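The structure presented is a predicted model; accordingly, all values stated were derived computationally and were not measured. Numbers restart at 1 for each chain; the letters A, B, ... are given by sequence-line order, proteins then strands.
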Protein chains: 2
Amino acid sequence: MARKSGIKLTVVVVVMTISEGVLKTLLVRHDDNHWSLPGGIPHSDEPLTKAAERIVLESAGIDMEYLEQLFTFGDFIPDNGARVIEVAYHGLVPSALLRIDKLATRQTISWFAEDDQPPMIDNHQEVVSVAHQRLRGKLAYTAVGFELLPDKFTLADLQNLYEVILGKELDKRNFRKKINDLGILEPTGEERTSRKGRGRPASLYRFKSEVFHTIETKGDIFPF
Amino acid sequence: MARKSGIKLTVVVVVMTISEGVLKTLLVRHDDNHWSLPGGIPHSDEPLTKAAERIVLESAGIDMEYLEQLFTFGDFIPDNGARVIEVAYHGLVPSALLRIDKLATRQTISWFAEDDQPPMIDNHQEVVSVAHQRLRGKLAYTAVGFELLPDKFTLADLQNLYEVILGKELDKRNFRKKINDLGILEPTGEERTSRKGRGRPASLYRFKSEVFHTIETKGDIFPF
DNA sequence: CCAAAAGTGTTAAAACTACACCCATGA
DNA sequence: TCATGGGTGTAGTTTTAACACTTTTGG
């Protein structure tokens with residue numbers, strides 16, 4: 001017998017950051033054996049991006065600065081016939097923000113490195129992997145990577161970010177030269193002594209925000 | 001009073017082609033004053049891409065060779081509270097296929113050039129413009145443009161395609177050199193005398209299909 | 001023989017790649 | 001003073017961009 005074909009709408013978000021030199025993804029515990037992406041159901045009058053923001057804020061206390069629609073998975077139709085429409089977003093947060101360890105929630109929410117992912121429910125593993133691919137792709141021709149850094153950062157931070165996401169090493173001098181030529185950074189005048197207190201302190205930079213959106217148009221800005 | 005929040009799922013497709021030297025989009029007549037994208041509701045057990053294919057086939061008799069998900073618009077909530085989820089796809093068809101004029105359907109379905117678009121219903125104008133942007137973007141780093149040409153084509157055809165989509169003129173010698181270096185074409189041995197019978201006949205080429213997918217990975221293949 | 005489109009190389013400028021040493025700091 | 005990470009320039013190669021004439025065909 002044909003069932004009434006209801007539809008279930010869900011939003012899931014792949015929140016990514018750079019931490020300890022690797023790209024990590026935010027997952028929440030689902031049961032003893034599985035994790036899942038932060039996700040939920042939009043309120044009845046809520047735009048989807050708002051829902052995505054709210055869901056991440058509610059489940060992880062994280063306020064995302066960058067958020068974009070990733071893909072819509074709409075082919076799953078459970079036995080009851082109610083098709084599931086899963087609109088996936090991906091978001092980036094600066095490494096500085098990931099203060100999850102400080103919450104007592106470590107058991108129920110955590111960051112996972114790309115090569116160390118736990119079993120996930122439904123199609124979440126696939127969603128994560130689409131997000132990673134997309135991020136790699138976008139990095140080359142948009143300024144998206146900047147969203148992963150705090151306000152002030154060193155050139156080494158920036159280079160590490162690109163290396164981590166692209167998965168290859170870059171030449172330090174060539175990297176700095178190109179960034180310099182692009183003219184998108186301004187020195188803050190401040191310095192930061194390196195994390196383990198060892199070595200020469202590095203200058204801190206910030207992005208010139210006016211340049212920020214100008215960039216996006218002219219393809220292939222960061223051809224590393 | 002809060003209404004029961006049903007959800008309506010629709011699929012719309014932006015079908016694009018190159019014709020008469022410009023990029024055109026397929027629209028169907030909606031009423032005396034408005035046109036719309038081909039669209040419809042997926043069957044209860046039908047995957048979304050299948051639905052997109054079927055809808056275009058049914059409404060225009062066109063069998064698309066290239067089809068990709070474009071974007072999902074999910075923020076429209078009419079007065080009755082039933083949110084509309086509109087999953088948009090974009091597809092490409094070779095110029096040779098657009099035999100619409102031959103059908104007696106010219107009144108109800110037609111191709112429209114980018115700079116000559118009629119009033120459309122709902123958000124369809126926006127969907128079309130997102131599709132055009134995406135196409136422009138993709139052209140630079142994938143082999144997507146090939147889908148717009150018939151099996152056999154001239155180098156002039158190919159160059160025209162790139163010029164039309166990118167919206168700028170390209171140098172003939174540089175263009176041919178790059179295409180040649182890429183090694184993705186093979187001569188058919190045939191020639192075709194130009195459309196108006198005037199001028200020297202051009203050699204016809206086809207794509208080496210084995211190369212086809214190899215390409216997609218290494219960013220920035222067509223940096224014109 | 002004229003109009004129209006196809007086809008073909010060279011050169012200068014710019015971008016990219018590879019590469020090695022000195023500097024400032026804390027321990 | 002040493003270990004650690006920050007910072008800097010050059011030369012060879014590759015890629016890109018600009019540019020004009022000859023060839024083949026149909027009318």
Gap between atoms [atom1] and [atom2], on [X] and [N] respectively (whole Å):
X	N	atom1	atom2	result
B:Asn180	C:dA6	CG	P	17 Å
A:Phe153	D:dG6	CZ	P	14 Å
B:Asp171	D:dA20	CG	P	11 Å
B:Asp157	C:dA5	CG	P	13 Å
B:Phe175	C:dG9	CZ	C1'	18 Å
B:Asn160	C:dA6	CG	P	10 Å
B:Ile179	C:dT8	CD1	C1'	16 Å
A:Leu204	D:dG5	CG	C1'	14 Å

Other residues, nucleotides, ligands: >12 heavy atoms within 6.0 Å of B:Lys50 NZ: no
Counting neighbours of CG on A:Asp151 that are heavy atoms of other residues, nucleotides or ligands and sit closer than 6.0 Å, is the number greater than 12?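 No.
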When you measure from the side chain of B:Lys172, which nucleotide among D:dG7, C:dG7, C:dC19 comes out closest?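 Closest nucleotide to the B:Lys172 side chain: C:dG7.
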Between [X] (side chain only) and [Y] (backbone N and O only), is there a donor and an acceptor less than 3.5 Å apart?
X	Y	value
A:Thr188	A:Leu204	yes
B:Asn160	B:Asp157	no
A:Arg206	A:Phe153	no

Between protein and nucleic acid, restricted to nucleotides 10-12 of chain D and to nitrogen or oxygen atoms under 3.5 Å apart, what atom pairs and distances do you find?
from	atom 1	to	atom 2	distance (Å)
D:dT10	O4	A:Lys177	NZ	2.9

Would you say D:dG6 has OP1 or OP2 under 4.0 Å from some side-chain N or O of A:Ser203?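 No, A:Ser203 has no side-chain N/O under 4.0 Å of OP1/OP2 on D:dG6.
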Distance below 4.0 Å between B:Arg173 side-chain N/O and D:dA18 OP1 or OP2: no
Got a sec, which residues hit side-chain hydrogen bond (donor to acceptor under 3.5 Å, both in side chains) with [X], two or more places apart in sequence or on another chain?
X	result
A:Asp181	none
B:His132	B:Thr25, B:Glu114
A:Lys172	none
B:Glu163	B:Gln159

Could you go through nucleotides 25-27 of chain C and list every protein N or O atom that sits under 3.5 Å from one of its N or O atoms, giving the distance for each pair?
from	atom 1	to	atom 2	distance (Å)
C:dG26	O4'	A:Gly197	O	3.1

